[in-house]
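In what follows, a structure is listed as structure tokens, so that the remarks can point back to it.
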Amino acid sequence: MKLSEKNIFLQKYGNWAVVTGASSGIGRALAIELAKIGFDLILVGRNQPSLAELGQKIENQYFSQTKIIVADLSNTGGNQQVLDKTRDLPVGLLVLSAGFGTSGLFLQGDMLEESEMIDVNILSPLILSQAFALRFSERGKGGIIFLSSIVAFQGVPFAANYAATKAYIQTLAEGLQQELGQNRIDVLAACPGPVGSGFATRAKMVMGKTLTPEEIALPILSALGKKGTVFPGTLTKILKGALWFLPRWGKVRVMGMVMGGFTKHRR
Ligand SMILES: NC(=O)c1ccc[n+]([C@@H]2O[C@H](COP(=O)([O-])OP(=O)(O)OC[C@H]3O[C@@H](n4cnc5c(N)ncnc54)[C@H](OP(=O)(O)O)[C@@H]3O)[C@@H](O)[C@H]2O)c1
């Protein structure tokens, strides 16, 4: 980002940003990119040592202030903790990157894990986005970035529930873009393709070619306030282009082949 763009971005959304899922992958890369722009950061996750290491790095390299909130967002108490501990800070940007996936045969799925995924991927963004949108509308400005996915636009065999959580996020973000626009709050759905992070290990997938979190962080931030949905990174754009002209049932077939490949070691 050019200096002039950084200044406009900071004026619109600064000076504190909350980043959930900051302990790893995309959230971590977004937090670092925000620190480069000049934001002070509230870093949220369960992994205290990773959050502390990131906080130290940001303070030492970019001279931003940081605050760590160790919270499990799969429960109401964790989300409430984020709201309570940020109440007195001038937060103007919310980045909702906490999330995880599952994969494999639906018939063998662990329903406790599947429900936890709904709590983290759906309920937490719902609760936090409304609470911060209320604060932002009082300030008369703000921004919210949701982590959707390229899997949000069709059913995905072998990751059906995960894709459904992202379809929810995509639809929520699209609705809020128009509605909250009236309150001068910008809303973005970021839809990456496969990214090399902690995601694949936790989802028990073996991905082929992947993007790096660092490759997609700046394209995501640059799209806020300019687009409603961003497909960050060249690989994402290629995958999106390859699926775009297929009917929905055809997209499901192709995604089934792709996810079937990512999970074939499990069958
Ligand atoms: N990687 C991909 O291919 C890809 C593609 C499209 C979209 N996405 C989405 O991008 C987002 C970030 O994923 P990533 O690739 O960065 O994965 P990652 O490296 O595994 O990071 C996931 C983050 O979510 C946090 N998290 C998970 N469960 C949590 C819980 N119960 N409470 C609080 N925080 C929790 C983790 O923090 P702790 O472990 O510290 O709790 C971690 O910081 C997710 O929403 C994912 O669905 C990923």
Side-chain angles (χ1 to χ4, degrees), residues 18-33 41-55 68-82 95-103 112-113 115-129 145-153 156 159 161-170 172-173 188-217 219-220 229-233 235-236 239-240 255 258-259 262:
V18 172
V19 181
T20 73
S23 57
S24 172
I26 299 169
R28 186 178 196 278
L30 284 167
I32 291 172
E33 212 56 58
L41 284 146
I42 298 148
L43 308 168
V44 184
R46 292 167 306 171
N47 187 331
Q48 196 275 339
S50 297
L51 293 173
E53 178 271 323
L54 177 62
I68 285 166
I69 302 178
V70 179
D72 184 344
L73 300 178
S74 69
N75 61 60
T76 321
N79 289 295
Q80 193 56 47
Q81 228 179 299
V82 175
V95 179
L96 295 161
S97 191
F100 70 96
T102 58
S103 71
L112 278 179
E113 195 184 17
S115 325
E116 185 190 338
M117 185 169 63
I118 289 175
D119 291 338
V120 179
N121 292 12
I122 293 181
L123 274 179
S124 172
L126 175 70
I127 292 165
L128 295 178
S129 62
I145 299 177
F146 288 93
L147 257 296
S148 176
S149 167
I150 203 158
V151 303
F153 301 91
V156 179
N161 188 32
Y162 172 65
T165 69
K166 293 298 162 182
Y168 172 91
I169 288 298
Q170 182 65 31
L172 179 71
L188 177 71
C191 303
V195 179
S197 64
F199 178 85
T201 309
R202 187 162 183 199
K204 302 190 184 75
M205 291 175 194
V206 179
M207 290 174 171
K209 198 168 166 41
T210 53
L211 292 152
T212 64
E214 293 72 25
E215 260 178 290
I216 63 166
I220 291 175
T229 295
V230 63
F231 294 89
L235 178 61
T236 307
L239 293 172
K240 178 197 156 215
M255 288 308 284
V258 172
M259 197 54 72
F262 287 0

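First listed ligand is number 1; within each ligand, the first listed atom is number 1. In this text the structure is predicted, and so the values were computed from the model without any measurement. Only heavy atoms go into these numbers, but all of them, side chains included; no hydrogens, no water, no symmetry mates. Position 1 is the first residue of the sequence; numbering continues from there.
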Taking Arg202 first and then Glu113, would you say they form a salt bridge - that is, a charged N and a carboxylate O separated by under 4.0 Å?
no
List the atom of Val120, the atom of Pro125, and the distance in Å for their closest heavy-atom pair.
O-CD, 3.2 Å
Look up atom CG in Asn161 and atom CE in Met117, then write down how far apart they are to the nearest 0.5 Å.
4.0 Å
If we ignore hydrogens and angles and just use 3.5 Å, is the side chain of Ser97 paired with the main-chain N or O of Ile26 as donor and acceptor?
no
Test side chain to side chain contact (heavy atoms under 4.5 Å, CB included) on Asn121 and Tyr162; report intermediate values, then the result.
CA-CA 9 Å; Asn121 292 12; Tyr162 172 65; 3.7 Å; yes
So which protein residues pack against ligand 1 under 4.0 Å, heavy atoms counted?
Gly21, Ala22, Ser23, Ser24, Gly25, Ile26, Gly45, Arg46, Asn47, Ala71, Asp72, Leu73, Ser74, Ser97, Ala98, Gly99, Val120, Leu147, Ser148, Ser149, Tyr162, Lys166, Pro192, Gly193, Pro194, Val195, Ser197, Gly198, Phe199, Arg202, Met207
Kindly compute the distance separating CZ (Phe146) from OG (Ser129), expressed to the nearest 0.5 Å.
4.0 Å
